[in-house]
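Below is one structure; the comments refer to it alone.
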Amino acid sequence: MFLGIGQMTATILILYVSKLNKIVHFPDFDKSIPVKLFPLPLIYVGNHLSGLSSTSKLSLPMFTVLRKFTIPLTLLLEIIILGKRYPLNIIVSVFAIILGAFIAAGSDLSFNLEGYIFVLLNDIFTAANGVYTKQKIDPKELGKYGVLFYNACFMVIPTVIISFSTGDFQQATHFQHWTNFLFVFQFILSCLLGFLLMYSTVLCSHYNSALTTTVVGAIKNISIAYIGMLIGGDYIFSMLNFVGLNICMAGGLRYSFLTLRGNSKPAQPGDEENALTVSKT
């Protein structure tokens with residue numbers, strides 16, 4: 001949680017200084033901002049806390065697989081909240097991901113119920129965060145910078161309170177390596193990279209769908225899963241689990257291929273006028 005506080009603080013400072021220097025633009029605070037942003041701050045802190053709790057209780061490969069359940073949840077929320085519709089081949093790819101995840105999870109020899117509960121809660125919060133972020137980053141409203149800035153502003157104080165009440169803040173401040181230059185450098189770097197991750201996620205949602213952001217973002221987990229089998233030390237091999245992992249990864253790659261192919265299709269005649277209007281804007 002202390003690291004999360006550092007990442008929120010870095011986000012606030014970077015965007016505020018950038019706004020003062022007219023590098024980025026977002027609305028000044030007024031009483032309508034909390035209404036426009038709700039429920040993103042609550043979802044954000046739930047996502048952060050459940051993510052930290054789940055990472056420490058599962059092996060890297062199983063954590064990677066169970067995080068794939070974010071994808072169908074995002075698909076479902078986009079249909080319900082944003083009214084989107086997807087073709088059959090996209091839906092089949094999503095269900096391939098879930099089939100692989102079920103096979104791998106069903107044969108997980110290091111089953112941890114608490115870890116499963118936390119990671120599935122994290123999936124729900126992540127899916128809701130992606131869909132509501134897509135809804136809130138309308139340039140006529142808060143825009144992508146406004147969403148990032150005010151989200152961090154509203155949640156940094158509650159997170160500090162939670163950190164104090166759980167003893168997390170006291171443990172962090174009494175950590176013995178604050179005088180170690182390498183540790184301090186890595187901590188600051190992690191805070192800056194936390195901001196970069198949040199910004200790139202919002203930017204991807206701005207230009208694509210929340211579902212595409214979720215799936216393409218999950219592709220990085222291919223390397224994490226396979227490396228985790230070799231160096232994590234907590235993965236217990238079974239053939240069924242390994243097959244499930246591979247089905248899951250193949251479904252993710254198939255979805256990405258379909259999405260990228262769809263984005264690279266030439267514009268239809270009816271789309272030219274829209275494209276021209278966008279370019280002029």
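Please read all numbers here as calculations on a predicted model, not as lab measurements.
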Q. Given the rule that I, L, V, M, F, W and Y join up when any side-chain heavy atoms are under 4.5 Å apart, are Y16 and F29 in one cluster?
A. yes
Q. Closest approach of A10 and C191, non-hydrogen atoms and distance?
A. CB-O, 3.8 Å
**Q.** Side chains of T166 and D168, donor plus acceptor under 3.5 Å
**A.** no
Q: Check L148 against L15 and note the closest heavy-atom contact, atom names and distance.
A: CB-CD1, 3.7 Å
**Q.** Minimum heavy-atom distance between I43 and F125, given as atom pair plus value
**A.** CG2-O, 3.2 Å
Q. Counting N and O atoms only, with roles assigned by atom type, does the side chain of T159 sit under 3.5 Å from a partner on the main chain of M155, one being a donor and the other an acceptor?
A. yes
Q. At their closest point, which heavy atom of I14 faces which heavy atom of F195, and how far apart are they?
A. CD1-CD2, 3.6 Å
(Q) Tell me if the CZ atom of F95 is crowded by more than 12 foreign heavy atoms within 6.0 Å. (A) no
**Q.** Side-chain donor or acceptor of H206 paired with backbone N/O of V202 under 3.5 Å
**A.** no
Q.
I'd like to know if the side chain of Y150 and the backbone of P27 have a donor-acceptor N/O pair within less than 3.5 Å.
A. yes
Q: For residues P87 and I90, determine if any side-chain heavy atom of one lies less than 4.5 Å from a side-chain heavy atom of the other.
A: yes
**Q.** F154/L40 under side-chain contact (heavy atoms from CB on, under 4.5 Å): CA gap, chis, key distance, verdict
**A.** CA-CA 10 Å; F154 288 139; L40 263 183; over 6 Å; no
Q: For residues F187 and F2, establish whether the separation of their ring centroids is below 6.0 Å.
A: yes
Q. More than 12 heavy atoms of other residues, nucleotides or ligands under 6.0 Å from CZ of F26: is that the case?
A. yes
Q) If every non-hydrogen atom of F183 is compared with every non-hydrogen atom of H177, which pair is closest and at what distance? A) CD2-O, 3.3 Å
Q: Decide yes or no on side-chain contact (heavy atoms from CB on, under 4.5 Å) for I124 and L120, but give the supporting numbers first.
A: CA-CA 6 Å; I124 294 169; L120 291 174; 5.7 Å; no
Q. Can any side-chain N or O of S205 pair as donor or acceptor with the backbone N or O of K134 at less than 3.5 Å?
A. no
Q.
Does this structure show an ion pair linking D28 with K19, if we count only N-O contacts that are shorter than 4.0 Å?
A. yes
Q.
Side-chain heavy atoms nearer than 4.5 Å, only ILVMFWY residues, links allowed to pass through others: does that put L193 and L182 together?
A. no
Q. Is there a donor-acceptor pair closer than 3.5 Å between any side-chain N or O of N21 and the backbone N or O of V17?
A. yes
Q. Once you round to the nearest 0.5 Å, how far does OG1 of T74 lie from NZ of K84?
A. 11.5 Å
**Q.** Over all atoms of both residues, closest heavy-atom pair of S190 and L3
**A.** OG-CD1, 3.5 Å
Q: Calculate, to the nearest 0.5 Å, the distance between atoms OH and CG belonging to Y132 and L77 respectively.
A: 7.5 Å
Q | Flag if over 12 foreign heavy atoms under 6.0 Å of CD1, I157 | A | no
Q.
Between K144 (side chain only) and Y199 (backbone N and O only), is there a donor and an acceptor less than 3.5 Å apart?
A. no
Q: Any chance you could lay out the side-chain contact (heavy atoms from CB on, under 4.5 Å) test for Y145 and H25, step after step, and finish with the verdict?
A: CA-CA 7 Å; Y145 299 113; H25 304 279; over 6 Å; no
Q) Do L197 and L13 belong to the same hydrophobic cluster, where Ile, Leu, Val, Met, Phe, Trp and Tyr are linked whenever their side-chain heavy atoms lie under 4.5 Å apart, directly or via other members? A) no
Q.
Against T70, only a single residue in N129, T126, D123 fulfils side-chain hydrogen bond (donor to acceptor under 3.5 Å, both in side chains); can you say which?
A. D123
Q | Joint hydrophobic cluster, I161 plus M1, side-chain heavy atoms closer than 4.5 Å | A | yes
**Q.** Transitive ILVMFWY side-chain link I188 to F181, under 4.5 Å
**A.** no
Q: Look at the rings of W178 and F175 and say which category their plane angle falls in: under 30° parallel, 30 to 60° tilted, over 60° perpendicular.
A: perpendicular
(Q) Let me confirm one number: the CG-OG1 distance from N151 to T11, rounded to the nearest 0.5 Å. (A) 9.0 Å
